[in-house]
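Scroll down for the structure; my scribbles are underneath it.
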Number of protein chains: 2
Amino acid sequence: METIKYTLTEDQMPTAWYNIQADLPTSMPPVLHPGTGQPITPSDLEPLFPMELIVQEVSQERWIEIPEQVQSIYRQWRPTPLYRARRLEQALDTPAKIYYKYEGVSPTGSHKPNTAVAQAYYNKQAGVKRLTTETGAGQWGSSLAFAGALFGLEVVVYMVKVSYQQKPYRRALMEAYGAKVIASPSEETAAGRKILAQYPESNGSLGIAISEAVEAVQDRQTKYALGSVLNHVLLHQTVIGYEAIAQLEQAGDYPDIVVGCTGGGSNFAGIAFPFIGAKLRGEQNNIRFVAVEPAACPTLTKGKYTYDFGDTAHLTPLVKMHTLGNSFMPEGVHAGGLRYHGMAPLLSHVVELGLIETRAEPQLSCFAAGLTFARVEGILPAPEANHAVKAAIDEALRCKEEGTSKTILFNLCGHGHFDMQAYMDYQAGLLRDTEYNAEEVAMALAGLPVFN
Amino acid sequence: METIKYTLTEDQMPTAWYNIQADLPTSMPPVLHPGTGQPITPSDLEPLFPMELIVQEVSQERWIEIPEQVQSIYRQWRPTPLYRARRLEQALDTPAKIYYKYEGVSPTGSHKPNTAVAQAYYNKQAGVKRLTTETGAGQWGSSLAFAGALFGLEVVVYMVKVSYQQKPYRRALMEAYGAKVIASPSEETAAGRKILAQYPESNGSLGIAISEAVEAVQDRQTKYALGSVLNHVLLHQTVIGYEAIAQLEQAGDYPDIVVGCTGGGSNFAGIAFPFIGAKLRGEQNNIRFVAVEPAACPTLTKGKYTYDFGDTAHLTPLVKMHTLGNSFMPEGVHAGGLRYHGMAPLLSHVVELGLIETRAEPQLSCFAAGLTFARVEGILPAPEANHAVKAAIDEALRCKEEGTSKTILFNLCGHGHFDMQAYMDYQAGLLRDTEYNAEEVAMALAGLPVFN
C-alpha cells in the first residue's frame, strides 16, 4: 500500500528548457512557404508569433533559459511529483518497476500550462494584448485562459464544435478565467463560413479551428498561440523530463522504457526528449521510447511522412510530418486531445531517425487500463493519458512473461476530472472501438501538395 | 506575478493528529442515547464504527499517532502546499498578507481524503468488508470511494437525490473507483421508503441520506462512515493546520486571522484547531478565527445550540450542536457540501466557548470572490471554499481601510473542477441569493426533544 513519491525542492527545478535539435544527427526538413514552396523566414512568422518564440522555434542551442517570471509561475505547481506505482506493480504481479510523472497537479489539471505560461509571458513582453487559439478537448484552451488571466491578456478560443457542445464544463473553465470561447466552425471567419456553407452540420475539427484562430489574427496587438506541434511548444514541455531525471536519480534508477501518449506530440516530447538527448550524446544506452496514439487517429503508425498543412484551410506554412491528410476527420473518440491529423514535425523527424517505437491502441482497452490504474493508484487519468497507462501496463506484463525486471517510466499528463462523461459512457457500455478509415486517409493524402 | 509557495519535506509531515479536547477549559456535553436520554457508551456505537475510531471519538489525549500506513497514503499528495496570495494582495491593493492552504491537490480534489483514508484503514484493520455512507455534493463520497478502492473495501454511497441528478460526474467518479451509488431517498431502506411515501418527489437531504446509510448497516462486516461532524473526523483533518503552522514558520509568519468555511465543520476544524490549541495553551494570543457559512443554511449564526439528531429519521444518537432542526430543508444552493442542518458538536462547543467568530454569506458574493481569486491566483475554488475566499478578501479590504497589515490564513479546501455547472449558472446570471426561511427553522426547532 506504500506510496513512494519523489519530490524536488524548488531550487532543483530546471532553469532551462532542453532543445533536442542541438543533439540530432541530422536537421529537420525546412518549413515551407505555401505560396512559394521555399523555406520560410522568421519574418514570415512574425504576424503570428512574438519574435522570442520564433527564435526558439528555429534555435539550434541546446539550452534556452527559462525566464525568472515563468519559473516563478511554474513554482505554483512544479516540480510535479514522480511516483513509483507500487500498488499497480503488485496488482499486475510484475517484476517490472513502474514510475509515473504526474502533471495533473497543475491548476488546469494537465501539462499544458508549461507552455501556456511561457507563451503568454513572451507575448506580454512583446506588447501583445490578445491571443487567439484553438482547442479540442479543452485542456489547451483552459490552460491558455489560465495563463492569459495571470498576464492580463485577452484570450479568444475557437473550440471544436463537438467538444463545445459535449464538454460545456471545459468551456466554463475557460470562461471562469475570463476567456471568450467560440464554437468552431463559426461565422466569425472566412474559413469557418466556408466550411459551414459546405457542411452546415460540421462538428468541427482541430484543423478547422486552427484555420479560424490563425485567420482571427488581424491586428498587430493580436497573436496566435498553439498548444502542441511547434518546436517551441515541445521545448517548453521538457521541464517534465528533466524533473523526472532528477527524481529518478533520487530513486537510484534510470528507465529502460519511456512511454507517453501522442496527439500533437508535446507531452510525449516533454517526458522523452531529455532522455533521448542523453542517448544521442552517448550518456545512456539500452533505453526504448514508446509513443502511443489512438487507433482511430493513427498518425504515426498509419500516416505518411510528408509535407502537409497544419490546418484545414491551408493558412499555415507547410511542415514535413506524419499526417493522415489535413482533410481527414477522425472519429469522435473520447481522447479529444489526440485527434489531430498531423504530428509535431520535430517528433516526426525523431521517429524517422528510428529513435522511437510507435503503437496505436483502441479506446476500450485504454479506458480499462485507466480504471485499473485509478483503483490501485487512486488517480483517475485523462482519456489521453490512458493510452500511456495501457502501454506501460503492457510492458510490465511482458516483463512478467519474460521474467525480466525492466524500469518503466510514463507520463501521466493529466487527470480525468473533466472527462467523466467519457468514463460514464465507458462504464455504461456505450463506447465502441473505431478503426480509422483507410480509404478516407488515402483520399486525404492524395490531395496533398507534393514537395519531394 | 511572483508565486510564493511553502512546501515541507515528507519527514516534516505531522505524525500525529491533534485532539483539541485535551486543551479545552470545559468538556463537551455528552452524547445521549435517543431511547434512554442517558450518555451513550462506546458499545452503543460499536455496530456503526470500528473500536479504534470510537476510542478516538471519546479520547481526551492531546496527540493520536497517525498509523504508518495512513501516513504512507497521505504522502501521495501531502504535505499540501501553502501559498502566499501575492497576486490577490496586489489586486486588492491591501497591506494585508494573505496565505492559503490548498487541499485541492488530493486525488479527489478536496480535504476529504484526510479522514477517508484513516477511516478505511481502521475499518480494514477491524475486518470490515463494506462501508456505507452518504454524500451531498459528492466530495466525501468520492473520497471514501477512493480510500475504499485502495484498501479493497466495498463502498455504498447514498447520494442526496438532487446531487445524484445534477452532479452525475461526481457520481461517475465514485463509480470509477468501484463504489455503488444510490440516489437518496431510495426504496432500499425503511427510512427512504417512509420519506418517499410522504414526499414522492423528495430531492433528498443529507439528513435523510445519513438515515439510509446508518440503516443499511445490517451485518457485522458492514460499518458506517461519516465525512464530517464527528470528533474523529475533525481530528483527522488537523494535519492541515499542523502543516500550515510549519509552513508559516518557514515564512517567518503567524496568522492574526484564520478563516475557513463550515458545513459539517471538518475543514474549518482542520485548519483552525491547531491554532486554537496554541491559543488555549497560552502560546499565542491576538489571533481571531472566522467560520463562514452560507446564508441559505446558517447553522452557526441562526441555529440553536441544543440537542438534536444527526439525521432525519432519528437513527443517530442525540448530540448537542448548533442546529436548524433535523427536519429543516435548506435551499438548493450550489455549495452542496455546506447544506447540513447541524454542525460538528465539537466545533459548536468551541464556538460556545467564545473562541470563534461566525459569519453567513449569500452565494452570489461568494461566487464573485471565487472568480476574482481564480483570475489572479489561477486556481478555481469549489463553491464551498468560495465562502472562505470571500471572508479572507473582506478581512484584507478591512486592513486596507484601516491601514493595518494583518496576516490572514484561509483554507482553500478544494478545487471547483466538479462544480462547473455552478459557475456556468453564476456567469449566466441564473443564480440568486436565497435567505433561509426563519419560520421553517422555528418549526423544525420546535419539534426537537428537550434535554436541558
Side-chain angles (χ1 to χ4, degrees), chain A residues 1-5 7 9-10 68-69 71-79 81 83 87 102 104-109 113 117 121 146-147 149-152 168-173 175-178 370-371 374-380 415-427, chain B residues 1-5 7 9-10 68-69 71-79 81 83 87 102 104-109 113 117 121 146-147 149-152 168-173 175-178 370-371 374-380 415-427:
Chain A
M1 297 294 289
E2 202 181 349
T3 301
I4 307 185
K5 177 173 69 175
T7 48
T9 59
E10 288 182 1
E68 178 45 48
Q69 210 179 344
Q71 288 188 49
S72 168
I73 296 176
Y74 278 179
R75 281 185 209 114
Q76 185 167 1
W77 69 94
R78 306 207 72 85
Y83 293 104
R87 299 191 290 256
Y102 183 43
V105 293
S106 83
T108 56
V117 169
Y121 167 81
F146 153 77
L150 297 194
F151 284 95
Y169 292 171
R170 276 278 181 200
R171 167 159 55 98
L173 182 59
E175 289 170 348
Y177 284 126
L371 283 184
R375 289 176 190 181
V376 291
E377 291 295 321
I379 298 169
L380 189 73
H415 66 57
H417 292 178
F418 284 100
D419 304 283
M420 296 316 302
Q421 190 64 49
Y423 280 99
M424 284 175 75
D425 291 350
Y426 172 70
Q427 290 207 282
Chain B
M1 297 294 288
E2 201 183 349
T3 301
I4 307 185
K5 178 173 69 175
T7 49
T9 59
E10 287 183 1
E68 177 45 49
Q69 209 180 346
Q71 288 189 47
S72 168
I73 296 175
Y74 277 179
R75 279 185 210 114
Q76 185 167 0
W77 70 95
R78 306 207 71 86
Y83 293 104
R87 299 191 291 255
Y102 184 42
V105 293
S106 83
T108 56
V117 169
Y121 167 80
F146 153 76
L150 297 194
F151 284 95
Y169 292 171
R170 276 278 182 198
R171 169 160 53 100
L173 182 58
E175 289 169 348
Y177 284 126
L371 283 183
R375 289 176 190 182
V376 291
E377 291 295 320
I379 297 170
L380 189 73
H415 66 56
H417 293 179
F418 284 100
D419 304 284
M420 296 316 301
Q421 189 63 49
Y423 280 98
M424 287 175 73
D425 291 350
Y426 171 71
Q427 291 208 280

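Numbers restart at 1 for each chain; the letters A, B, ... are given by sequence-line order, proteins then strands. All values derive from a computational prediction rather than experimental measurement.
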Study note, to complete from the structure: Taking every heavy atom of B/Gly378 against every heavy atom of A/Pro107, the minimum-distance pair comes out as O-CB, 3.3 Å
Practice item. Answer yes or no: is there a donor N or O on one side and an acceptor on the other, between the side chain of B/Arg375 and the main chain of A/Gly152, under 3.5 Å? Key: no
Practice item. Using salt bridge (charged side-chain N to carboxylate O under 4.0 Å, His left out) as the criterion, list what pairs up with A/Arg75, not counting sequence neighbours. Key: A/Glu10, A/Glu68
Review point. What's the shortest heavy-atom distance between B/Gln76 and A/Arg87, and which atoms?
Key: OE1-NH2, 3.1 Å
**Study point:** Heavy-atom pair of closest approach, residues B/Ala176 and A/Leu380
**Key:** CB-CD1, 3.9 Å
Point to revise | Contact origin within A/Tyr177 toward chain B - heavy atom pairs under 4.5 Å | key: both
Check your understanding: Between A/Lys5 and B/Trp77, what is the shortest heavy-atom contact and its length?
Key -> NZ-C, 4.0 Å
**Study point:** Under 4.5 Å from any heavy atom of chain B - which part of A/Glu175
**Key:** both
Point to revise | Segment of A/Pro168 engaging chain B (4.5 angstrom heavy-atom cut-off) | key: both
**Study point:** Closest approach of A/Met424 to B/Ala172 (non-hydrogen atoms, all atoms of both residues)
**Key:** CG-CB, 3.2 Å
Revision key, fill the gap. Okay, B/Thr108 and chain A: the region with an atom under 4.5 Å from a heavy atom over there is backbone
Study note, to complete from the structure: In short, B/Leu150 meets A/Val376 closest at the heavy-atom pair CD2-O, 3.3 Å
Check your understanding: With only heavy atoms counted, which part of B/Tyr169 is less than 4.5 Å from chain A, the side chain, the backbone, both or neither?
Key -> both
